[in-house]
Amino acid sequence: MARKSFPILKQLIQQSTNRCFTSSASPRAVTLIPGDGVGPLVTDSVEQVMQAMKAPVYFERYEVRGDMKCIPEEVIDSIKKNKVCLKGGLKTPVGGGVSSLNVQMRKELDLYASIVHCFTLPGLPTRHEDVDIVVIRENTEGEYAGLEHEVVPGVVESLKVITKYCSERIAKFAFEYADVNKRKKVTAVHKANIMKLADGLFLESCREIAAKYPEIQYEEIIVDNCCMQLVSRPEQFDVMVTPNLYGNLIANTAAGIAGGTGLMPGGNVGADQAVFEQGASAGNVGNEKILKLKKANPVALLLSSAMMLRHLEFPSFADRLETAVRHVIEEGKFRTKDVGGDSTTQEVVDAIIAALD
């Protein structure tokens with residue numbers, strides 16, 4: 001059986017072949033959802049940097065709040081038209097029967113693959129060095145299927161859905177990502193020792209796909225052991241492929257190990273659309289103190305926007321942005337509190353803009 005092609009992967013990692021930072025390409029429309037809490041603050045940071053770079057993109061802004069019952073139809077239509085969206089965090093109310101708009105969007109657009117890149121940045125002290133982990137998470141089923149009901153008063157049944165189709169699809173994506181990016185290993189994370197049918201099906205699918213990529217090392221690890229290994233020896237991991245819930249936990253843990261959730265880029269991609277956002281949130285979307293002090297870290301969303309620029313086939317602009325961000329982090333003069341500094345969001349943005357030249 002022939003391997004499935006994933007053109008979007010080549011776009012996401014495309015590197016520029018020269019250092020020319022101008023473009024004759026027509027500007028591309030991008031749907032912008034500022035989001036809740038610190039979301040508008042960090043999305044404004046991206047807009048400032050894009051303007052300073054004269055990047056060939058323009059934003060169509062839509063106000064969406066996490067407490068809405070559903071994503072407005074005009075927002076979905078905009079993303080389908082533009083194919084690309086940049087999104088701040090949307091806060092999901094805890095309890096109360098309000099469904100997550102983040103999950104709704106992924107299902108509506110079939111954004112089946114979450115990509116979170118967790119890596120250490122030069123100049124930033126961390127407990128572990130040379131962390132470089134990509135967490136690829138199935139995005140549409142598992143515990144996030146949202147199939148819950150009260151059987152009798154005081155007894156709730158919540159269904160975990162795992163299908164062969166979605167498991168094979170995310171496994172293929174992970175191995176193709178590893179292949180295109182010249183990565184050496186894919187690790188499947190599971191709990192098949194207990195959930196023998198559900199996680200067993202996921203694991204079976206990963207094994208079948210792994211057999212088609214003999215040049216890539218394949219390993220399996222039970223999720224609880226994975227958490228222990230991740231915090232003790234993260235350097236052993238390369239690309240990780242996971243079901244939905246495990247991937248959320250693993251990505252946030254890996255982000256914390258590599259320097260913090262405020263630094264890690266991410267995206268949710270499907271066959272037709274892509275939504276770029278901070279890779280790991282760890283509940284900081286609604287941090288009122290950070291918002292009041294205007295000290296949210298803009299780096300994660302800026303690096304996510306660099307992923308977006310590659311997807312839009314503007315790799316030289318992505319290179320320029322990433323180089324400026326790395327320079328500011330390594331220099332260490334302007335950092336927000338979460339990474340050991342006391343700078344405001346705007347001070348970090350101004351420093352990155354100054355480093356663009």
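Just so it is clear, the model here is predicted, and its values are computed rather than measured.
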Inset, instruction - Report yes if some heavy atom in the side chain of M105 is under 4.5 Å from a heavy atom in the side chain of L101; otherwise report no. - result: no

Inset, instruction - Measure centre to centre between the rings of H190 and Y246, then say whether the value is under 6.0 Å. - result: no

Legend entry - D238 and V134, any side-chain heavy atoms less than 4.5 Å apart: no

Legend entry - Test item: Q278 side-chain N/O and A280 main-chain N/O as donor-acceptor pair under 3.5 Å: yes

Legend entry - Q51, CD atom: more than 12 neighbouring heavy atoms under 6.0 Å: no

Legend entry - Straight-line distance of I209 CD1 to R169 CZ, nearest 0.5 Å: 12.5 Å

Legend entry - Exercise: identify the closest heavy-atom pair between A324 and I352: CB-O, 3.7 Å

Legend entry - Lys/Arg-Asp/Glu bridge criterion (N-O < 4.0 Å) met for D224, K191: yes

Legend entry - Residue pair M308 / V84: nearest heavy atoms and the distance that separates them: CG-CG1, 3.6 Å

Legend entry - Exam field: side chain T43 to backbone G39, donor-acceptor pair closer than 3.5 Å: yes

Inset, instruction - Determine whether V57 and L302 fall in the same hydrophobic cluster, where Ile, Leu, Val, Met, Phe, Trp and Tyr are linked whenever their side-chain heavy atoms lie under 4.5 Å apart. - result: yes

Inset, instruction - Measure the CD-CD distance between E108 and E73 for me, rounded to the nearest 0.5 Å. - result: 8.5 Å

Cut-off 3.5 Å, no hydrogens considered: what does the side-chain donor-acceptor table look like for residues 114-124, sequence neighbours left out?
{"from": "H117", "atom 1": "NE2", "to": "D132", "atom 2": "OD1", "distance (Å)": "2.6"}
{"from": "T120", "atom 1": "OG1", "to": "D130", "atom 2": "N", "distance (Å)": "3.4"}
{"from": "T120", "atom 1": "OG1", "to": "V131", "atom 2": "N", "distance (Å)": "3.3"}

Inset, instruction - Please indicate whether E74 has more than 12 foreign heavy atoms, meaning atoms of other residues, nucleotides or ligands, lying under 6.0 Å from its CD. - result: yes

Legend entry - Between K87 and N102: side-chain donor-acceptor atoms closer than 3.5 Å: yes

Legend entry - Any donor-acceptor pair under 3.5 Å from N297 side chain to T336 backbone: no

Legend entry - Donor + acceptor pair across side chains of E277, N268 (<3.5 Å): yes

Legend entry - Main-chain N/O of P40 paired to D44 side chain as donor or acceptor, under 3.5 Å: no

Inset, instruction - Look at the rings of Y112 and F173 and say which category their plane angle falls in: under 30° parallel, 30 to 60° tilted, over 60° perpendicular. - result: perpendicular

Inset, instruction - Might you work through the side-chain contact (heavy atoms from CB on, under 4.5 Å) test for L230 and F237, ending with a clear yes or no? - result: CA-CA 8 Å; L230 196 57; F237 296 109; 3.7 Å; yes

Inset, instruction - Using modelled atom types only, decide if a donor and an acceptor are shared between the side chain of E47 and the backbone of V49 within a distance under 3.5 Å. - result: no

Inset, instruction - Return the set of residues passing side chain to side chain contact (heavy atoms under 4.5 Å, CB included) with R207 (not counting sequence neighbours), or none when no residue passes. - result: L203, Y218, E220

Inset, instruction - With the side chain counted from C-beta on, respond yes when L303 and L263 share a heavy-atom pair under 4.5 Å apart, and no when they do not. - result: no

Legend entry - Side-chain heavy-atom pair I133, V135 within 4.5 angstrom cut-off: yes

Legend entry - Heavy-atom pair with the smallest gap, counting every atom of F317 and K54: CE2-O, 3.8 Å

Legend entry - Expected output: side-chain S343 to main-chain F334 donor-acceptor under 3.5 Å: no

Legend entry - Hydrophobic cluster membership, M68 vs Y62, 4.5 Å side-chain cutoff: yes

Inset, instruction - Answer yes or no: is there a side-chain heavy-atom contact under 4.5 Å between M240 and I250? - result: yes

Legend entry - Minimum heavy-atom distance between A52 and L356, given as atom pair plus value: CB-CD1, 4.0 Å

Legend entry - S304 OG to L309 CG distance, which is reported to the nearest 0.5 Å: 11.0 Å

Inset, instruction - Could you state whether I221 and F202 fall into the same hydrophobic cluster, counting links through intermediate Ile, Leu, Val, Met, Phe, Trp or Tyr residues with side-chain heavy atoms under 4.5 angstrom apart? - result: no

Legend entry - Sub-4.5 Å side-chain heavy-atom contact between S45 and L301: no

Legend entry - Qualifying residue, where the test is side chain to side chain contact (heavy atoms under 4.5 Å, CB included) with E141 and the options are I162, I170, N244, L147: I162

Legend entry - N252 to N248 - nearest heavy-atom pair and separation: ND2-O, 2.9 Å

Inset, instruction - State whether a side-chain donor-acceptor pair under 3.5 Å links E219 with Q236. - result: no

Inset, instruction - Give a yes-or-no answer on whether the side chains of E347 and T345 include a donor-acceptor pair shorter than 3.5 Å. - result: no

Inset, instruction - Spell out, as yes or no, whether a donor-acceptor pair under 3.5 Å connects the side chain of R335 to the backbone of I329. - result: yes

Legend entry - Over 12 foreign heavy atoms within 6.0 Å of NZ, K184: no

Inset, instruction - Look at the side chain of D36 and the backbone N and O of G66, then say whether any donor-acceptor pair between them is shorter than 3.5 Å. - result: yes

Inset, instruction - Give a yes or no on whether a salt bridge exists between E322 and R310, defined as a side-chain N under 4.0 angstrom from a carboxylate O. - result: yes

Inset, instruction - Decide, yes or no, whether a salt bridge links K172 with E208 under the criterion of side-chain N to carboxylate O below 4.0 Å. - result: no

Legend entry - Crowding at NZ, K337 (>12 non-hydrogen neighbours, <6.0 Å): no

Inset, instruction - Output yes when a side-chain donor or acceptor of H128 lies under 3.5 Å from a complementary backbone atom of V231, and no otherwise. - result: yes

Inset, instruction - Report yes if some heavy atom in the side chain of C85 is under 4.5 Å from a heavy atom in the side chain of I33; otherwise report no. - result: yes

Legend entry - Salt bridge D199-K160, side-chain N to carboxylate O under 4.0 Å: yes

Legend entry - Under 3.5 Å donor-acceptor, K107 side chain and A145 backbone: yes

Legend entry - Over all atoms of both residues, closest heavy-atom pair of A174 and I136: CA-CD1, 3.7 Å

Legend entry - Residue pair K294 / Q346, side-chain heavy-atom distance below 4.5 Å: no

Legend entry - Polar contact flag, side-chain donor to acceptor under 3.5 angstrom, E176-Y213: yes

Inset, instruction - Please determine if E313 and R28 form a salt bridge, counting it only when a charged side-chain N lies under 4.0 Å from a carboxylate O. - result: no

Inset, instruction - Run the salt-bridge test on E168 and K164 with the 4.0 Å N-O cut-off and return the result as yes or no. - result: yes

